Amino acid sequence: MNNPFMYDEKPKEECGVFGIWSSGNQSISKMLYYGLIALQHRGQESAGMVMCDRQGPLGNISAHRGMGLVSEVFTDEVLGELHGNIGIGHVRYSTTGESRVENAQPVFLNYLKGTLAFAHNGNIRNAGEIRKELQKKGAIFSGTTDSEVVAYRIAMERMETGSIEEAIINVVEELRGGYALLILSPQKLVGVRDPYGLKPLCLGKKDGAYILSSESSAILSCGGELIRDIEPGEIITITDEGIQSDFSLKKKKHAHCIFEYIYFARLDSVMDGISIYDARIRGGKALAKRYPVEADVVTGVPESGITSAVGYAQEAGIPFQIVFYKNSYVGRTFIKPSQEERMSAVHMKLSVLSDVVKDKRIVLIDDSIVRGTTITNLITMLKKAGAKEVHVRISSPPFLYPCFYGTDVPDNKELIANELTKDQICKKIGADSLEYMYLEDLKEMTGDLPLCRACFDKNYPDESEL
């Protein structure tokens with residue numbers, strides 16, 4: 001999950017999306033709320049909902065967006081003013097667009113043929129080109145996001161087509177990048193998953209309601225059950241007439257984001273048929289097979305390295321121990337801008353259980369090293385607490401290349417693995433040894449699932465990204 005005390009270190013997902021279509025008359029605002037709470041790890045910058053009661057061809061629309069966590073944006077009073085039996089919600093971490101409320105999602109538009117709400121997770125690579133073309137036609141945008149551009153483009157296309165589905169198909173055929181889209185019209189809920197399957201999207205149900213979500217755990221959190229994953233390139237439409245799917249975007253080549261399995265997704269999610277928990281356990285076991293070391297204790301960096309550490313310990317036959325105490329009551333106010341303050345924030349958030357580490361050889365597992373700041377701090381803390389040795393094992397290969405699909409991997413010059421060799425990194429962070437996941441061992445986590453590993457090997461699904 002995205003750890004506040006590691007704000008400067010961890011790659012971030014761009015967003016999470018959650019939508020509900022209900023056949024009944026009950027309001028679904030609380031279900032949307034619980035779904036967004038379950039997706040909070042995918043974005044903590046802003047949150048929003050748009051709802052419609054489907055009364056008449058245009059319906060009655062209510063919406064609310066704000067900066068902050070879901071629980072901060074949606075009070076009981078706000079939820080009480082949101083009514084409808086169809087709705088979409090969004091949590092945002094920005095990789096494109098400024099951090100301001102105008103860029104919060106879902107985007108909501110009124111146009112001559114009706115209303116449209118739009119939310120997405122990912123990165124539309126050619127959104128800038130589409131924006132320029134729309135501006136030539138007189139479009140005026142209030143924000144700076146890909147979402148507003150695509151929503152506006154769909155609305156314009158709808159003026160020329162016979163249905164919202166036809167408009168969506170025409171527009172998404174133009175899009176490049178990785179994305180999961182939710183589109184609400186007054187009578188329909190539409191979901192789209194990019195042709196490569198880079199971004200996750202799944203379908204669930206609860207009583208008379210259908211749910212579209214970035215992760216299965218959010219469906220379960222509001223009392224629903226998972227039906228299936230949306231297929232790469234699938235456009236799914238939910239109406240009074242049932243569920244229909246269009247596969248005109250489908251491609252033979254798929255490339256699912258490996259970092260969903262390494263880090264982004266919740267442990268209790270199942271994604272493209274793979275348990276996230278099991279994948280991380282298998283990743284830890286693969287590390288132990290490839291890079292054994294004589295040690296007394298295996299531990300993980302909370303929370304991102306814990307599950308892989310359990311797998312490593314199981315395979316290596318070394319006891320797993322909780323070594324860090326995490327103070328869960330230190331909030332986001334401890335995300336500080338300066339390096340000195342960020343280092344202090346680590347100590348505020350974590351402390352070492354000295355009795356567990358004193359005179360012990362420690363294997364420390366984490367999911368990645370981006371700049372190296374946090375892992376350096378943790379190794380220093382362990383050695384001050386009496387650890388004899390600290391051997392670092394990372395459950396992903398080194399970050400070497402940028403991501404173009406909505407993951408906030410820094411520029412190459414900010415990636416420590418791009419500047420230093422493995423031995424130099426080991427020395428810089430103060431470890432006694434350092435090993436990364438072997439690239440080919442990633443298949444131990446996900447089996448035969450086709451993966452996007454471009455941030456590690458520069459093998460982008462779309463060769464034009466090279």
Side-chain angles (χ1 to χ4, degrees), residues 1 13 15-44 47-54 59 62-64 69-92 105-106 117 119 121 180 182-184 187-191 193 199-230 236-240 242-243 245 260 264-278 303:
M1 307 303 108
E13 243 294 347
C15 322
V17 296
F18 194 80
I20 301 173
W21 185 97
S22 176
S23 60
N25 295 319
Q26 78 276 16
S27 177
I28 57 171
S29 61
K30 282 291 181 73
M31 281 180 66
L32 275 171
Y33 175 82
Y34 293 134
L36 292 182
I37 286 284
L39 294 175
Q40 187 74 85
H41 60 287
R42 300 185 75 89
Q44 300 95 46
M49 293 183 197
V50 175
M51 298 179 60
C52 180
D53 65 8
R54 299 195 354 250
S62 55
H64 184 75
L69 301 177
V70 176
S71 60
E72 297 167 342
V73 174
F74 293 102
T75 62
D76 286 339
E77 182 179 356
V78 169
L79 288 172
E81 294 174 353
L82 296 172
H83 302 286
N85 45 24
I86 179 173
I88 59 175
H90 187 270
V91 290
R92 182 174 191 255
Q105 297 185 45
N121 164 34
L182 293 186
I183 303 100
L184 177 152
Q187 303 296 324
K188 300 171 181 177
L189 174 62
V190 182
R193 190 176 184 187
K199 297 300 174 185
L201 190 65
C202 58
L203 172 69
K205 66 178 180 179
K206 180 186 178 183
D207 302 326
Y210 286 104
I211 303 166
L212 291 172
S213 174
S214 290
E215 293 189 36
S216 62
S217 58
I219 294 173
L220 300 178
S221 74
C222 62
E225 60 180 289
L226 176 66
I227 298 175
R228 64 176 177 87
D229 292 284
I230 304 303
I236 183 169
T237 303
I238 306 172
T239 67
D240 282 324
I243 296 176
S245 291
E260 293 288 350
F264 291 143
R266 272 178 44 157
L267 276 180
D268 53 344
S269 284
V270 175
M271 197 167 283
D272 291 304
I274 295 172
S275 160
I276 300 299
Y277 175 82
D278 289 346
E303 305 288 339

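Nothing here was measured: the structure is a model prediction, and the numbers come from that model. In what follows, every heavy atom counts, from backbone to side chain, and hydrogens, waters and symmetry copies are set aside. By convention here, the first residue in the shown sequence is residue 1.
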Donor-acceptor pair, side chain of [X] and main chain of [Y], under 3.5 angstrom:
| X | Y | answer |
| --- | --- | --- |
| E215 | R266 | yes |
| N85 | G24 | yes |
| Q40 | V70 | yes |

For [X] and [Y], which heavy atoms make the closest approach, and how far apart are they?
| X | Y | value |
| --- | --- | --- |
| N121 | P200 | ND2-CD, 4.2 Å |
| V50 | P106 | CG2-CB, 3.8 Å |
| A218 | A38 | CA-CB, 3.6 Å |
| L39 | G16 | CD1-C, 4.2 Å |
| E225 | L220 | CA-CD2, 4.2 Å |
| S217 | D268 | CB-OD1, 3.4 Å |

Practice item. Mind checking salt bridge (charged side-chain N to carboxylate O under 4.0 Å, His left out) for D278 and listing every partner two or more places apart, or none if nothing turns up? Key: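 Residues passing salt bridge (charged side-chain N to carboxylate O under 4.0 Å, His left out) with D278: none at all.
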
Check your understanding: Can you list the residues that meet the salt bridge (charged side-chain N to carboxylate O under 4.0 Å, His left out) rule with K206, with sequence neighbours excluded?
Key ->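 With neighbours one apart ignored, the set is empty.
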
**Study point:** Qualifying residue for side chain to side chain contact (heavy atoms under 4.5 Å, CB included) with L203, from D229, I219, I238
**Key:**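 When D229, I219, I238 are each tested with L203, the side chain to side chain contact (heavy atoms under 4.5 Å, CB included) holds only for I238.
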
**Study point:** Y210: which of I86, I20, I243 passes side chain to side chain contact (heavy atoms under 4.5 Å, CB included)
**Key:**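 Looking at I86, I20, I243, the match for Y210 under the side chain to side chain contact (heavy atoms under 4.5 Å, CB included) is I243.
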
With a 4.5 Å heavy-atom cut-off, do [X] and [Y] have their side chains touching?
| X | Y | value |
| --- | --- | --- |
| M51 | L82 | yes |
| L36 | M49 | yes |
| C15 | H90 | yes |

Practice item. Would you kindly say whether H41 and E303 are connected by a side-chain donor-acceptor distance under 3.5 Å? Key: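 Side-chain D/A pair, H41 to E303: absent.
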
Point to revise | Qualifying residues under ring pair (Phe, Tyr, Trp, His ring centres under 6.0 Å), relative to Y33, sequence neighbours excluded | key: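 With neighbours one apart ignored, the set is empty.
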
Point to revise | Spacing of CD1 belonging to I230 relative to OG belonging to S213, to within rounding of 0.5 Å | key: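 Going from CD1 on I230 over to OG on S213, the span is 10.5 Å.
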
**Study point:** Rounded distance (nearest 0.5 Å) linking atom CD1 of I211 with atom CZ of F18
**Key:**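 Output value for this atom pair is 4.5 Å.
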
Check your understanding: Which is it for W21 and V190 under the side chain to side chain contact (heavy atoms under 4.5 Å, CB included) test, yes or no, and what are the steps along the way?
Key -> CA-CA 10 Å; W21 185 97; V190 182; over 6 Å; no

